[in-house]
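Written out below as structure tokens is the structure these notes cover.
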Amino acid sequence: MTEIDRTSREPLWSQLHTDLLRRLAQGDFSDGFPGEAHLREEYGVSRHTVREALRRIREAGLVRSGRGRSSEVLATVIEQPLGSLYSLFREVEARGMIQESRVLACRLAEEPQAAARLGLDPGAEVFALERVRFADGEPLAHDCAWLPATIGSPLLRSDFSRTALYDELDRHGIPRPDGGRERITATNLSETSAGYLNVSPGTAALVIERTGLSRGDPIECRRTTIRADRFALLMSWSGNGYEIHGDATG
């Protein structure tokens with residue numbers, strides 16, 4: 001029997017949910033996801049506890065089940081190699097998943113911090129695009145991107161609900177970033193961010209801060225808050241080894 005900490009203040013369903021996510025991530029259920037009766041016996045919990053944990057896993061799009069058939073584990077974790085300039089739109093569609101976005105803002109605005117990262121005067125206007133990104137109907141990321149107004153103004157009428165920022169740059173003949181740098185940190189979601197991503201406040205997430213460069217000059221800055229249960233970062237190495245650059249924060 002897998003142990004559940006009955007002295008913890010964390011609800012039993014939440015403990016079960018967390019452990020099932022862990023096991024899904026490490027591939028424990030490659031031969032099929034267990035049913036309710038099996039999980040009740042394995043964890044020693046009630047039907048209600050199992051059903052609440054499974055409801056959240058199904059709503060996250062990690063497992064699909066239907067009447068009269070075994071539950072099926074879905075490959076919904078987006079894997080992204082480190083060290084490459086990527087499009088989240090492309091990564092989602094490459095896995096046969098439906099990509100769409102809910103646009104929260106698409107405008108010219110004064111954003112002093114973004115302007116500074118772009119090497120602009122703090123009072124300069126920038127193109128600001130804010131979206132909630134979905135994969136197969138389930139929220140994946142809250143994405144904010146900023147470009148200099150001189151670059152982004154032609155994009156104000158673009159429909160970003162079903163297109164990628166870099167594709168729109170191409171369509172308007174605007175050079176996309178040819179390099180850049182990213183800073184990746186772990187966080188626990190605030191109530192607002194959790195609401196965007198349809199999870200509970202305090203849920204684990206990754207924050208990816210990107211500066212996109214064109215010929216060495218910053219033309220894009222971006223902050224993407226992405227659900228940790230739906231995104232993984234990969235690294236490969238060779239006989240020459242690999243190098244990780246760390247960034248300590250206070």
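The stretch residues 99-119 participates, sequence neighbours left out, in no ring pair (Phe, Tyr, Trp, His ring centres under 6.0 Å) pair at all. For residues 201-230, no pair satisfies ring pair (Phe, Tyr, Trp, His ring centres under 6.0 Å), with sequence neighbours left out. Residue pairs that meet the salt bridge (Lys or Arg N to Asp or Glu O under 4.0 Å) test with at least one member in residues 186-195, sequence neighbours left out, do not exist here.
The CD atom of Glu52 lies 11.0 Å from the CD1 atom of Ile57; values are rounded to the nearest 0.5 Å. Note that the SG atom of Cys144 and the CD atom of Glu130 stand 4.0 Å from one another [nearest 0.5 Å]. Atom CZ of Arg215 is separated from atom CG of Asp178 by 8.0 Å, given to the nearest 0.5 angstrom. Annotation: the span from Ile208 atom CD1 to Arg183 atom CZ amounts to 12.5 Å, rounded to 0.5 Å. Of the inter-residue distances, the one linking Leu197 atom CG with Phe134 atom CZ reads 8.5 Å to the nearest 0.5 angstrom. From Arg47, atom CZ reaches atom CG of Leu39 across 12.5 Å, with rounding to the nearest 0.5 Å.
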Apply side-chain contact (heavy atoms from CB on, under 4.5 Å) to Thr49 and Ile4, showing your working. CA-CA 11 Å; Thr49 296; Ile4 291 288; over 6 Å; no

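The shortest side-chain heavy-atom distance between Leu140 and Ile226 falls under the 4.5 Å cut-off. No side-chain heavy atom of Gln15 sits under 4.5 Å from any side-chain heavy atom of Val45. Looking at Trp13 and His48, their side chains never come closer than 4.5 Å, going by heavy atoms from C-beta outward. Contact annotation: the side chain of Phe160 approaches that of Leu155 to within less than 4.5 Å [non-hydrogen atoms, C-beta and beyond].
Nearest heavy-atom pair across Glu220 and Tyr166 is OE1-OH, 2.7 Å. Across Gly202 and Asn188, no two heavy atoms sit closer than the pair O-ND2, 2.8 Å. The two residues Leu169 and Pro177 make their nearest non-hydrogen contact at CD1-CD, 4.3 Å. Between Thr225 and Ala205, the shortest heavy-atom contact is CG2-CB, 4.2 Å. For the pair Ala186 and Leu206, the tightest heavy-atom approach, listed with the atom from each and the gap, is CA-CD2, 4.4 Å. For Leu12 against Asp5, the heavy-atom pair with the smallest separation is CD2-O, 4.3 Å.
In this structure Pro175 satisfies the side-chain contact (heavy atoms from CB on, under 4.5 Å) test together with Ser214, sequence neighbours excluded. With sequence neighbours excluded, no residue forms a salt bridge (charged side-chain N to carboxylate O under 4.0 Å, His left out) with Glu10. Residues meeting the side-chain contact (heavy atoms from CB on, under 4.5 Å) test with Ser190, sequence neighbours left out: Thr192, Ser193. Residues meeting the salt bridge (charged side-chain N to carboxylate O under 4.0 Å, His left out) test with Glu168, sequence neighbours left out: Arg171. Annotation: side-chain contact (heavy atoms from CB on, under 4.5 Å) contacts of Ser101 (sequence neighbours excluded): Gln99, Arg131, Arg133. By the ring pair (Phe, Tyr, Trp, His ring centres under 6.0 Å) test, Tyr196 pairs with His142, sequence neighbours left out. Residues that satisfy the salt bridge (charged side-chain N to carboxylate O under 4.0 Å, His left out) test with Asp170, not counting sequence neighbours, are Arg176.
Annotation for Val207: hydrophobic cluster partners, listed by chain and number, are none (ILVMFWY side-chain heavy atoms under 4.5 Å, direct or chained).
The environment of CZ in Arg157 is sparse: at most 12 heavy-atom neighbours from other residues, nucleotides or ligands sit within 6.0 Å.
Residues Leu147 and Ile219 share a hydrophobic cluster, clusters being chains of Ile/Leu/Val/Met/Phe/Trp/Tyr side chains in contact below 4.5 Å. Note on Leu165 and Val126: separate hydrophobic clusters, where clusters join Ile, Leu, Val, Met, Phe, Trp and Tyr whose side-chain heavy atoms are under 4.5 Å apart, directly or indirectly. Connection of Phe29 to Val50 is established within a shared hydrophobic cluster, with ILVMFWY side chains joined at heavy-atom distances below 4.5 Å, either directly or through further cluster members. Hydrophobic clustering, with ILVMFWY side chains joined whenever heavy atoms are under 4.5 angstrom apart, groups Ile151 together with Leu129.
Under the 3.5 Å distance criterion, the side-chain polar atoms of Arg227 are matched with a main-chain donor or acceptor of Pro139. One N or O on the side chain of Thr203 and one on the backbone of Ser200 form a donor-acceptor pair closer than 3.5 Å.
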Check: residues 103-121 side-chain donor-acceptor pairs under 3.5 Å, at least two apart:
| from | atom 1 | to | atom 2 | distance (Å) |
| --- | --- | --- | --- | --- |
| Arg117 | NH2 | Arg210 | O | 2.9 |
| Asp121 | OD1 | Gly123 | N | 2.8 |

